[in-house]
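Following: one structure in structure tokens, then a few remarks.
All of these numbers come straight from a predicted model, not from anything done at the bench.
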Amino acid sequence: MRLGMMLAALIGLGAGPAAAQDQKVLFSIGAIADAQYAVEPDAPPRLYHTTPDKLAAAIEDFNRQKLAFVVHLGDFIDKDWASYDALLPVAHKLRHPWHFVLGNHEFAIDDAHKLQVPVKLGMKARYYSFVEHGWMFIVTDGNDLSSYAWPEGSAENKRSMEAHAALYADKPLWDGGIGDEQMRWIDAQLAEADRKGLKAMLFSHFPLWPENPHNLWNAPAVMALLERHPSAKIWLDGHNHDGNYGVRAGIHYVNLKAMLDTEETSYARLDFFADHVVVRGTGRQQDLTLPLR
């Protein structure tokens, strides 16, 4: 690890939430990564039978707190359309607004249902943005380019496979990428945040940094885009079940640990302050303090 990354990791992991005790929390959100339920026996390390109770317990915890919303960072299910109907009733007990991010396992279903996934999760679009308390939150779709998210033979599937063959042939097919149209949209959203003096947090299923086999196909291009915009502060994701953390050009890349494959649990509350954000982990998710550039 380079010296800069080592120092950044010490800042992020070592400062701890206690440093924020004398400052006022402006607002808070909840975050869960990779609940990843399937209606079938466990396939260790995937402990499917534990997911409904862990999600229910997290929701009970969140319901006792004052939160602006809760985000699930992708892979709400592991596979099969029926898994949605088994787990969504648990999710619907949340008293706060939900925001869902699309993961690769959202599409481990039959082709006939793939275009229905966003509606099933109550999403207004595959990617979108909203503003809360002076922050722009940008929900991205890292399955835009992918081998799995579009019906076989569709124009989107063909475009994805051609892009993979030409540009990303060394990248795993269980990852995905962000296409040109969405890249232009993210650029425009961040430019608007820059103009309005908003801070921006981006939600994704897929990590960008540090380098890892789970990262987006076009992670370098996405990071270069973010680094052009002073509003971009934090990229929050899942997908890598072990979690990860890094900072580059002052932008924090926070990969939450998965809820699925632990007998314990894993989720977080994020507290927003004027000049930093504190990740307060539950279960195996560690605490982080993220100074804002």
Side-chain angles (χ1 to χ4, degrees), residues 1-17 29 31-34 71-75 99 101-104 127 129 135-143 171-172 175-178 182-183 186-187 189-190 193 199-258 266-272 275-281 284-293:
M1 181 183 287
R2 294 192 295 272
L3 178 60
M5 286 180 60
M6 290 176 66
L7 292 173
L10 289 172
I11 291 171
L13 293 170
I29 69 173
I32 300 170
D34 301 85
V71 59
H72 187 279
L73 295 162
D75 287 3
H99 286 283
V101 179
L102 297 172
N104 52 310
Y127 55 88
S129 69
W135 280 75
M136 177 180 284
F137 294 96
I138 301 175
V139 178
T140 68
D141 177 17
N143 314 280
K171 305 297 183 183
D175 292 332
I178 292 178
Q182 188 182 169
M183 288 283 281
I186 293 171
D187 197 15
Q189 295 300 301
L190 290 172
K199 302 177 179 75
M201 175 181 282
L202 297 96
F203 299 138
S204 173
H205 181 59
F206 299 92
L208 295 181
W209 184 261
E211 292 183 10
N212 187 276
H214 294 83
N215 292 3
L216 274 176
W217 289 349
N218 55 339
V222 178
M223 288 189 291
L225 187 159
L226 301 184
E227 290 168 12
R228 293 199 298 270
H229 293 282
S231 58
K233 310 297 185 185
I234 300 169
W235 178 277
L236 187 68
D237 61 72
H239 192 46
N240 176 2
H241 289 197
D242 292 333
N244 210 343
Y245 170 77
V247 63
R248 172 175 146 151
I251 300 173
H252 297 277
Y253 295 94
V254 181
N255 180 174
L256 295 186
K257 297 178 185 292
S266 190
Y267 61 94
R269 186 181 85 232
L270 280 67
D271 292 338
F272 290 71
D275 61 357
H276 66 285
V277 173
V278 176
V279 179
R280 302 185 188 275
R284 68 172 184 162
Q285 177 58 49
Q286 77 270 32
D287 295 335
L288 295 161
T289 297
L290 313 174
L292 302 178
R293 63 172 184 160

Counting N and O atoms only, with roles assigned by atom type, does the side chain of [X] sit under 3.5 Å from a partner on the main chain of [Y], one being a donor and the other an acceptor?
| X | Y | result |
| --- | --- | --- |
| Arg280 | Asp271 | no |
| Lys233 | His252 | no |
| Gln285 | Lys257 | yes |
| Asn240 | Asn212 | no |
| Arg284 | Asp242 | no |
| Asp237 | Tyr253 | no |

Can you name the closest pair of heavy atoms from [X] and [Y] and give their distance?
| X | Y | value |
| --- | --- | --- |
| His241 | Asp34 | NE2-OD2, 3.4 Å |
| Asn255 | Pro207 | OD1-CG, 3.7 Å |
| Ile178 | Met183 | CG2-CG, 3.6 Å |
| His276 | Pro291 | CB-CA, 3.8 Å |
| Tyr245 | Val254 | CD1-CG2, 4.0 Å |
| Leu216 | Gly177 | CD2-CA, 3.8 Å |

Q: Walk me through it: do Asn104 and Phe206 pass the test side chain to side chain contact (heavy atoms under 4.5 Å, CB included)?
A: CA-CA 9 Å; Asn104 52 310; Phe206 299 92; 4.1 Å; yes
Q | Pair Arg228-Leu190, side chain to side chain contact (heavy atoms under 4.5 Å, CB included): steps then yes or no | A | CA-CA 9 Å; Arg228 293 199 298 270; Leu190 290 172; over 6 Å; no
Can you tell me how far the [atom1] atom of [X] sits from the [atom2] atom of [Y], to the nearest 0.5 Å?
| X | Y | atom1 | atom2 | answer |
| --- | --- | --- | --- | --- |
| Gln182 | Gln189 | CD | CD | 10.5 Å |
| Lys171 | Asn218 | NZ | CG | 9.5 Å |
| Leu292 | Trp135 | CG | CH2 | 4.5 Å |
| Asp275 | Lys199 | CG | NZ | 8.5 Å |
| Ile186 | Ser204 | CD1 | OG | 8.5 Å |
| Ile138 | Trp235 | CD1 | CH2 | 9.0 Å |

Q: Please test His205 against Leu102 for side chain to side chain contact (heavy atoms under 4.5 Å, CB included), starting from the C-alpha separation and ending with a verdict.
A: CA-CA 7 Å; His205 181 59; Leu102 297 172; over 6 Å; no
Q: For Asp141, enumerate each residue passing the salt bridge (charged side-chain N to carboxylate O under 4.0 Å, His left out) test, keeping only those at least two apart in sequence or located in another chain.
A: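 Arg126.
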Q: With sequence neighbours left out, write down each residue that passes salt bridge (charged side-chain N to carboxylate O under 4.0 Å, His left out) with Glu227, or none if nothing qualifies.
A: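 If we apply the salt bridge (charged side-chain N to carboxylate O under 4.0 Å, His left out) test to Glu227, skipping adjacent residues, the hits are Arg248.
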Q.
Is it true that Asn215 and His239 share a donor-acceptor pair across their side chains at a distance under 3.5 Å?
A.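 Their side chains do not contain a donor-acceptor pair, so the 3.5 Å distance test is not met.
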Q: Look at the rings of Phe137 and Phe272 and say which category their plane angle falls in: under 30° parallel, 30 to 60° tilted, over 60° perpendicular.
A: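 Perpendicular: the ring planes of Phe137 and Phe272 meet at over 60°.
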**Q.** Counterpart residues, side chain to side chain contact (heavy atoms under 4.5 Å, CB included), relative to Ala31 (two or more places apart)
**A.**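 Once residues adjacent in sequence are excluded, the partners of Ala31 under the side chain to side chain contact (heavy atoms under 4.5 Å, CB included) criterion are Val71, Leu236, Leu256, Leu270.
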